Amino acid sequence: MKTKIIQITAGRGPAECGWVVAQVLKLFLEEIKNSGYTYSILQREQGTENGTVQSATIQLKGKEIDHFLGNWIGTIQWIGTSKFRKHHKRKNWFIGMYEVKQEQTIAIKEKDISFQAMRSSGPGGQNVNKVNSAVRATYHPTGDQVVVMDSRSQHQNKKIAIERLKEKVNQSQLTKLQKSLSDQWENHLNIQRGNPIRVFKGTDFKKEHKKQSYASNRQQLKKDLRNELKN
């Protein structure tokens, strides 16, 4: 089972692009469900107007995700009249969908954890136990540490320390992922307007078939071939 993280963004586009993101997000989540994949929304940034979304980040899980995403990743175009500026002449609006690179998942191995026995202490330095039952646990690959003195049993404190280390390392990974999303904010500046992967039109957001573009491409290929023969 694969895991992918996808970002849908309006970039620095106006409210109209945020409206397109909101519509695409609905369709995308519907297709995910219908295809049998599971998902969770990691981040959703609201747009400047009601019903708009500036960007959304979704985590997908399932088999053959690459094939599914092949029909989505890239530039998405909407052909329609602005919902926010009635007399605006622009009819073509573009947003982007990208895959977010993930930090490698760390599987904690107990052999990489070292434990140091400590004497538990109460308020004012008062000894709670006469034995060294507290534990400091260190996970060496990341340097994360936890101190546990919940139980009078050192063995029990070690078990608790392992679980807390896992939580701490996972939190560190989440922080790195959030930084990764921030670093990839440049995607918002690089939305390509040529050759969109999908085209929608109208307020009902129907998918536009690209038959005319195929014919246009054939004409261009014929023209290029004629020019080559002349040369």
Side-chain angles (χ1 to χ4, degrees), residues 2-62 65-66 68-103 171 173-210 212-213:
K2 280 189 174 182
T3 299
K4 297 279 186 177
I5 295 179
I6 304 302
Q7 186 179 70
I8 309 172
T9 173
R12 289 191 174 181
E16 290 83 359
C17 294
W19 182 81
V20 178
V21 170
Q23 304 310 307
V24 167
L25 179 60
K26 291 177 185 176
L27 291 176
F28 185 57
L29 296 183
E30 285 178 8
E31 282 203 15
I32 291 173
K33 291 179 183 177
N34 293 336
S35 299
Y37 301 120
T38 59
Y39 73 89
S40 58
I41 297 177
L42 302 180
Q43 170 265 353
R44 188 203 305 253
E45 181 185 353
Q46 298 302 317
T48 56
E49 300 285 345
N50 289 336
T52 66
V53 177
Q54 196 64 22
S55 69
T57 308
I58 306 102
Q59 183 182 67
L60 290 79
K61 292 183 179 180
I65 293 180
D66 291 329
F68 170 77
L69 292 176
N71 296 316
W72 280 103
I73 298 295
T75 301
I76 297 172
Q77 179 183 7
W78 176 60
I79 303 171
T81 304
S82 170
K83 295 174 63 66
F84 308 104
R85 295 176 285 179
K86 292 183 180 179
H87 303 293
H88 199 283
K89 294 182 180 180
R90 181 175 168 183
K91 302 294 183 182
N92 295 292
W93 313 91
F94 298 89
I95 67 167
M97 185 180 291
Y98 304 92
E99 180 180 350
V100 177
K101 295 179 181 178
Q102 302 177 63
E103 295 292 334
Q171 183 59 47
Q173 287 184 278
L174 180 58
T175 300
K176 288 180 180 179
L177 175 57
Q178 290 170 340
K179 183 179 184 302
S180 176
L181 294 179
S182 177
D183 290 343
Q184 292 179 59
W185 189 256
E186 65 189 60
N187 283 337
H188 288 223
L189 310 178
N190 297 322
I191 295 177
Q192 300 298 316
R193 286 164 172 75
N195 194 27
I197 188 74
R198 286 198 178 191
V199 179
F200 299 93
K201 65 176 183 178
T203 55
D204 54 358
F205 223 72
K206 287 187 176 179
K207 186 175 180 181
E208 174 83 349
H209 294 290
K210 299 170 67 176
Q212 292 182 351
S213 65

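For clarity, every value in this text was computed on a predicted model and none was experimentally measured. The basis for the numbers below is simple: all heavy atoms, side chains too, and nothing from hydrogens, waters or symmetry mates.
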Are the side chains of [X] and [Y] in touch, meaning some heavy atoms are under 4.5 Å apart?
X: I197; Y: I76; value: yes
X: I79; Y: V199; value: yes
X: Q59; Y: T3; value: yes
X: I95; Y: T75; value: no
X: I6; Y: Y39; value: no
X: L60; Y: I32; value: yes
X: I8; Y: I58; value: yes

* To do: Report the residues that fulfil side-chain hydrogen bond (donor to acceptor under 3.5 Å, both in side chains) with K91, sequence neighbours left out, ordered by chain and then residue number.
  => T81

* Check the pair L27, W72 against side chain to side chain contact (heavy atoms under 4.5 Å, CB included), reporting the backbone distance first and the verdict last. => CA-CA 11 Å; L27 291 176; W72 280 103; 4.2 Å; yes

Starting at [atom1] of [X], measure out to [atom2] of [Y] and round the result to the nearest 0.5 Å.
X: Y37; Y: I65; atom1: OH; atom2: CD1; answer: 6.5 Å
X: T57; Y: I5; atom1: OG1; atom2: CD1; answer: 8.0 Å
X: K61; Y: K2; atom1: NZ; atom2: NZ; answer: 15.0 Å
X: E49; Y: Q54; atom1: CD; atom2: CD; answer: 11.5 Å

* Using only heavy-atom distances, determine whether the side chains of S55 and Q43 contain a donor-acceptor pair under 3.5 Å. =>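 Judged by distance alone, the side chains do pair up.
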
Could you pull out all donor-acceptor pairs under 3.5 Å where a side-chain atom in residues 13-25 meets a protein atom, sequence neighbours excluded?
unit_1: E16; atom_1: OE1; unit_2: R85; atom_2: NH2; d: 2.9
unit_1: E16; atom_1: OE2; unit_2: S82; atom_2: OG; d: 2.5
unit_1: E16; atom_1: OE2; unit_2: R85; atom_2: NE; d: 2.9
unit_1: E16; atom_1: OE2; unit_2: R85; atom_2: NH2; d: 3.2

* To do: Output every pair passing salt bridge (Lys or Arg N to Asp or Glu O under 4.0 Å) with a member in residues 28-39, not counting sequence neighbours, ordered by first then second residue.
  =>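 Listed once each, the pairs are E31-R198.
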
* Asked: What are the two closest heavy atoms between Q46 and R44, and how far apart are they?
  ->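 That would be NE2-CD, 3.1 Å.
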
* Where do Q77 and N92 come nearest, in terms of heavy atoms and distance? ->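 Distance-wise, the nearest heavy atoms are NE2-OD1, 2.8 Å.
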
* Stepwise, does the side chain to side chain contact (heavy atoms under 4.5 Å, CB included) test hold for E99 with K4? -> CA-CA 7 Å; E99 180 180 350; K4 297 279 186 177; 3.2 Å; yes

* To do: May I ask you to check whether over 12 heavy atoms, not counting those of N50, lie within 6.0 Å of atom CG?
  => no

* Name the one of F200, W93, F28 that satisfies ring-ring contact (aromatic ring centres under 6.0 Å, His included) with F205? -> F200

* Passes side chain to side chain contact (heavy atoms under 4.5 Å, CB included), L29 versus I41? Steps please. -> CA-CA 10 Å; L29 296 183; I41 297 177; 4.1 Å; yes

